[in-house]
A.B. asks: 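The structure is given below, and queries will be raised subsequently.
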Amino acid sequence: MGRFVNCSKESVPRPEMVLFDYGDTLAWEPVPNFLRGWQAVFQHVCAKPEGVGPEEANALADSLWRRFSHSRSLSAARKGGWEIHEWQQLRTVAEALGIEFSLSLPEIETVLMDNSCPSHPHPGTAEMLDFLHRQGIMTGVISNIGWSGNALARRLNRLFPAHSFVFVLASSEYGIRKPDPLLFQIALRKAGLPPEKVWYCGDSFSFDVRGAHSAGIFPVWLNRGGNEPEEADFPYLTVSGWEKLTDILAPSRLAVRDYSPADCPKLLKLFYDAVHTVNSRDYSKEQLDVWADGRPDIEKWERSLSGHYTLIAELDGVIVGFGDITADGYLDRLYVHKDFQGMGAATALCDRLEAGFGRISTYASITARPFFMKRGYRVLRENTVERGGVELKNYLMEKLK
């Protein structure tokens, strides 16, 4: 099952990055056996009082964990609860019992983790991560976990040796836990992406879905067990397994066709929305208003589009972009729907529009300049256009084949 709730697939931008929960999402762990872990740790004890062994250390660690557990609960997290770092517990146990280790705390943590908490990847996880990599979608991890970030990263590297996460964020390193939006905001800063470019996938509706939404990230609920969802008035996606997520993120069927005069009204709306959304990071509202004032001359547009070689890009029958070029190779317009950025529409249009020309020129906006440079265009000069007394900067660019 894969279902969008309070939204549609078309209304949710395709992600540039998907963040994941760790436990019960990417991997599962059987019930931990901490006594077994402490028995392995005691092989690296170089000094201790008589009568102190793995049983005593495990009992103290367990009592500390029980005392700390209330601060890790959902109700505590919602009120600003705190995470406890494993090194704190190890240090407390060691110094309270007079134990000295022959290894460093990080090394002792590794011994304890590996021997008490084995981990196994969920079926299909490696294949899903490989799919995202092939799609150019980055990945990262945000986990509520007491083990250190380095220990978690090391485990993920062992579980998924062929995959590289951009970052692994463990709550133990920050003291706060999901659903606190601060953890998600920290992840966004690490990613260098706005929240609308990121999805977050986890198995807990309360910690993962609500937490991601609180930071403006689109949540994906991995509901393998078919559990009843909590009431929510925000958009999210629910999937029952990785194959459902990959089906949804698989490239839609992109088609490029010739322009028809009946397309003109839809293109005008697409143009207005794209200018006022996509270009807003590089131009002021005043500049955007004169660029696309919402009062287009439809007849003039139709004559221009019909007089040029104009193409339409469609995804599953929905118009997501258009572009046109003159007979002498001047690329006049290239616009992609605000909700379908980064899905290949601009590339598909340019591939067709540029075909057959040895030289193509265009005036590219500040926003579009990087796209054209990646396609082999070079800047000839910076240009200033005046519209209604307002100046807008663009670039005359050229491509030679």
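One-based numbering along the sequence shown.
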A.B. asks: Got Y22 and V168 here, is their nearest side-chain heavy-atom distance under 4.5 Å?
C.D. replies: no
A.B. asks: Tell me, please, which residues at least two apart from N279 pass side-chain contact (heavy atoms from CB on, under 4.5 Å).
C.D. replies: V275, Y283, L288, W291, S365, T367
A.B. asks: Can you run down the side chain to side chain donor-acceptor pair (under 3.5 Å) pairs that involve residues 137-147, sequence neighbours left out, and say none if there aren't any?
C.D. replies: T139-H163
A.B. asks: Do the side chains of D263 and R257 get nearer than 4.5 Å, heavy atoms only?
C.D. replies: yes
A.B. asks: Quick test of your reading: applying salt bridge (Lys or Arg N to Asp or Glu O under 4.0 Å), list the pairs with at least one residue in residues 109-119, sequence neighbours left out, ordered by first then second residue.
C.D. replies: D114-R154, D114-R155
A.B. asks: Is there a donor-acceptor contact under 3.5 Å from the side chain of S11 to the main chain of S8?
C.D. replies: yes
A.B. asks: Can you run down the ring pair (Phe, Tyr, Trp, His ring centres under 6.0 Å) pairs that involve residues 307-334, sequence neighbours left out, and say none if there aren't any?
C.D. replies: F322-Y335
A.B. asks: Heavy-atom count check: over 12 atoms from other residues, nucleotides or ligands less than 6.0 Å from E196 CD?
C.D. replies: yes
A.B. asks: Are S148 and N150 close enough that a side-chain donor and a side-chain acceptor fall under 3.5 Å?
C.D. replies: no
A.B. asks: Measure the CG-CG distance between L311 and L334 for me, rounded to the nearest 0.5 Å.
C.D. replies: 10.5 Å
A.B. asks: With rounding to the nearest 0.5 Å, note down the distance linking CZ in F167 to CZ in R189.
C.D. replies: 13.0 Å
A.B. asks: Pair F271, W301 - check ring-ring contact (aromatic ring centres under 6.0 Å, His included), show working.
C.D. replies: CA-CA 11 Å; F271 162 73; W301 269 75; 4.9 Å; yes
A.B. asks: Could you please spell out the steps behind the ring-ring contact (aromatic ring centres under 6.0 Å, His included) verdict for F205 and Y236?
C.D. replies: CA-CA 10 Å; F205 200 95; Y236 67 92; 5.2 Å; yes
A.B. asks: Can you list the residues that meet the side-chain contact (heavy atoms from CB on, under 4.5 Å) rule with L400, with sequence neighbours excluded?
C.D. replies: R359, E398
A.B. asks: Pairs under 3.5 angstrom only: tabulate donor-acceptor contacts from the side chains of residues 382-393 to other protein residues two or more places apart or in another chain.
C.D. replies:
| residue | atom | partner | partner atom | Å |
| --- | --- | --- | --- | --- |
| N383 | OD1 | R381 | NH1 | 3.0 |
| N383 | ND2 | N394 | OD1 | 3.0 |

A.B. asks: Using the salt bridge (Lys or Arg N to Asp or Glu O under 4.0 Å) definition, which of the options R333, R352, R303 pairs with D324?
C.D. replies: R333
A.B. asks: Quick one: pull up CG in L349 and CD in E354 and give me the separation to the nearest 0.5 Å.
C.D. replies: 10.5 Å
A.B. asks: How long is the span from the CD1 atom in I186 to the CD1 atom in I176, to the nearest 0.5 Å?
C.D. replies: 5.0 Å
A.B. asks: Between S280 (side chain) and T277 (backbone), is there a donor-acceptor pair under 3.5 Å?
C.D. replies: yes
A.B. asks: Would V166 and K190 count as a side-chain contact (heavy atoms from CB on, under 4.5 Å) here? Give the steps.
C.D. replies: CA-CA 9 Å; V166 176; K190 287 180 176 291; over 6 Å; no
A.B. asks: Could you please spell out the steps behind the side-chain contact (heavy atoms from CB on, under 4.5 Å) verdict for F160 and L26?
C.D. replies: CA-CA 10 Å; F160 309 107; L26 294 176; 4.3 Å; yes
A.B. asks: Could you go step by step and tell me if W242 and F20 meet the ring-ring contact (aromatic ring centres under 6.0 Å, His included) rule?
C.D. replies: CA-CA 12 Å; W242 294 134; F20 292 94; 5.7 Å; yes
A.B. asks: Side chains of E230 and S206 only: does a donor on one sit below 3.5 Å from an acceptor on the other?
C.D. replies: yes
A.B. asks: Could you tell me the separation between the OG1 atom of T92 and the CG atom of L60, rounded to the nearest 0.5 Å?
C.D. replies: 8.0 Å
A.B. asks: Can you find a pair of side-chain heavy atoms, one from V45 and one from F101, that are under 4.5 Å apart?
C.D. replies: yes
A.B. asks: Could you check whether any side-chain heavy atom of T110 comes within less than 4.5 Å of a side-chain heavy atom of M113, counting everything from C-beta outward?
C.D. replies: no
A.B. asks: Show, in sequence, the C-alpha distance, side-chain angles and deciding distance for M138 and L193, and conclude whether the side-chain contact (heavy atoms from CB on, under 4.5 Å) test is met.
C.D. replies: CA-CA 11 Å; M138 299 181 290; L193 292 171; 3.7 Å; yes
A.B. asks: Distance check, rounded to the nearest 0.5 Å: D180 atom CG versus S214 atom OG?
C.D. replies: 7.5 Å
A.B. asks: Could you tell me whether the side chain of N6 and the main chain of A232 form a donor-acceptor pair under 3.5 Å?
C.D. replies: yes
A.B. asks: Once you measure the plane-to-plane angle for Y200 and F184, does it fall in the parallel (<30°), tilted (30-60°) or perpendicular (>60°) bin?
C.D. replies: perpendicular
A.B. asks: Using the side-chain contact (heavy atoms from CB on, under 4.5 Å) rule, take D247 and V239 through it: C-alpha gap first, then chi angles, then the decisive distance, then the call.
C.D. replies: CA-CA 10 Å; D247 285 347; V239 295; over 6 Å; no
A.B. asks: Taking all heavy atoms of L270 and all of G321, pick out the closest pair and write down the distance.
C.D. replies: CD1-N, 3.8 Å
